[in-house]
Amino acid sequence: MPYRITDECISCGACEAECPVEAITQGDDIYVIDPELCISCGACADVCPVDAPVEE
Ligand code: SF4
Ligand code: SF4
């Protein structure tokens with residue numbers, strides 16, 4: 001299942017550069033993951049300071 005970024009996101013931007021398929025972009029309030037691109041590698045969750053990316 002693709003990952004999703006929850007409202008816990010503080011928009012630090014750390015995850016964006018880690019995504020191997022460039023599925024993460026900055027949204028209006030928080031960063032967002034394109035579920036069509038996400039390959040569920042977990043790299044975003046590994047670098048996130050607040051554990052905002054979750055697998056669903
Ligand atoms: Fe990108 Fe991997 Fe996070 Fe999916 S799980 S958004 S592929 S870093
Ligand atoms: Fe948001 Fe976490 Fe990504 Fe930072 S690393 S932008 S807090 S999801």
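For ligands, and for the atoms within them, numbers begin at 1 and follow the listed sequence.
Val54 and Val32 sit in two unconnected hydrophobic clusters of ILVMFWY residues. Membership requires side-chain heavy atoms under 4.5 Å apart, directly or through other members.
At least one heavy atom of Ile5 sits closer than 4.0 Å to an atom of ligand 2.
By the criterion of a heavy-atom distance under 4.0 Å, the side chain of Ile24, and not its backbone, is placed next to ligand 1.
Among Pro53, Cys48, Cys38, the residue whose heavy atom sits closest to atom 4 (Fe) of ligand 1 is Cys38.
Heavy-atom contacts of Ile33 reach the following atoms of ligand 1: 6 (S) (cutoff under 4.0 Å). Within the listing of ligand 1, atoms 7 (S) sit less than 4.0 angstrom from a heavy atom of Val21. Close approach to Tyr3 involves these atoms of ligand 1, each under 4.0 Å from a residue heavy atom: 5 (S). Against a heavy-atom cut-off of under 4.0 Å, Cys9 is close to the following atoms of ligand 2: 1 (Fe), 6 (S), 7 (S), 8 (S). Taking a cut-off of under 4.0 Å to the non-hydrogen atoms of Gly13, the atoms of ligand 2 that pass are 4 (Fe), 6 (S). Numbered from 1 in the order shown, with element, the atoms of ligand 2 that lie under 4.0 Å from a heavy atom of Val50 read 7 (S). For ligand 2, the atoms lying closer than 4.0 Å to a non-hydrogen atom of Cys15 are 3 (Fe), 5 (S), 6 (S), 8 (S).
Residues Asp46 and Cys48 have side chains not in contact (no heavy-atom distance under 4.5 Å, counting atoms from C-beta outward). Proximity of Arg4 to Pro53: side-chain heavy atoms (C-beta onward) are nowhere separated by under 4.5 Å. In this structure the side chain of Pro2 never reaches within 4.5 angstrom of the side chain of Ile33, judged on heavy atoms. For the pair Cys9/Val50, no side-chain contact is recorded, criterion being any heavy-atom separation below 4.5 Å from C-beta on.
When hydrogens are left out, the protein atom nearest atom 3 (Fe) of ligand 1 is Cys44 SG, 2.3 Å; that is the closest non-hydrogen contact. Gly42 N, 3.2 Å is the protein heavy atom nearest to atom 5 (S) of ligand 1. At the top of the distance list for atom 1 (Fe) of ligand 1, counting protein heavy atoms only, stands Cys19 SG, 2.3 Å. Protein heavy atom nearest atom 2 (Fe) of ligand 1, with residue, atom name and distance: Cys41 SG, 2.3 Å. Looking only at heavy atoms of the protein, atom 7 (S) of ligand 1 is closest to Ile39 N, 3.4 Å.
Rounded to the nearest 0.5 angstrom, Cys15 SG and Ile5 CD1 are separated by 4.5 Å. Note: Glu22 CD to Cys38 SG = 13.5 Å, rounded to the nearest 0.5 Å. Interatomic distance, CD of Glu16 versus SG of Cys44, reported as 12.0 Å (0.5 Å rounding).
In this structure, Ser11 contributes its side chain and Gln26 its backbone to no donor-acceptor pair below 3.5 Å.
Few gaps surround CD on Glu56; more than 12 heavy atoms of other groups in view lie less than 6.0 Å from it.
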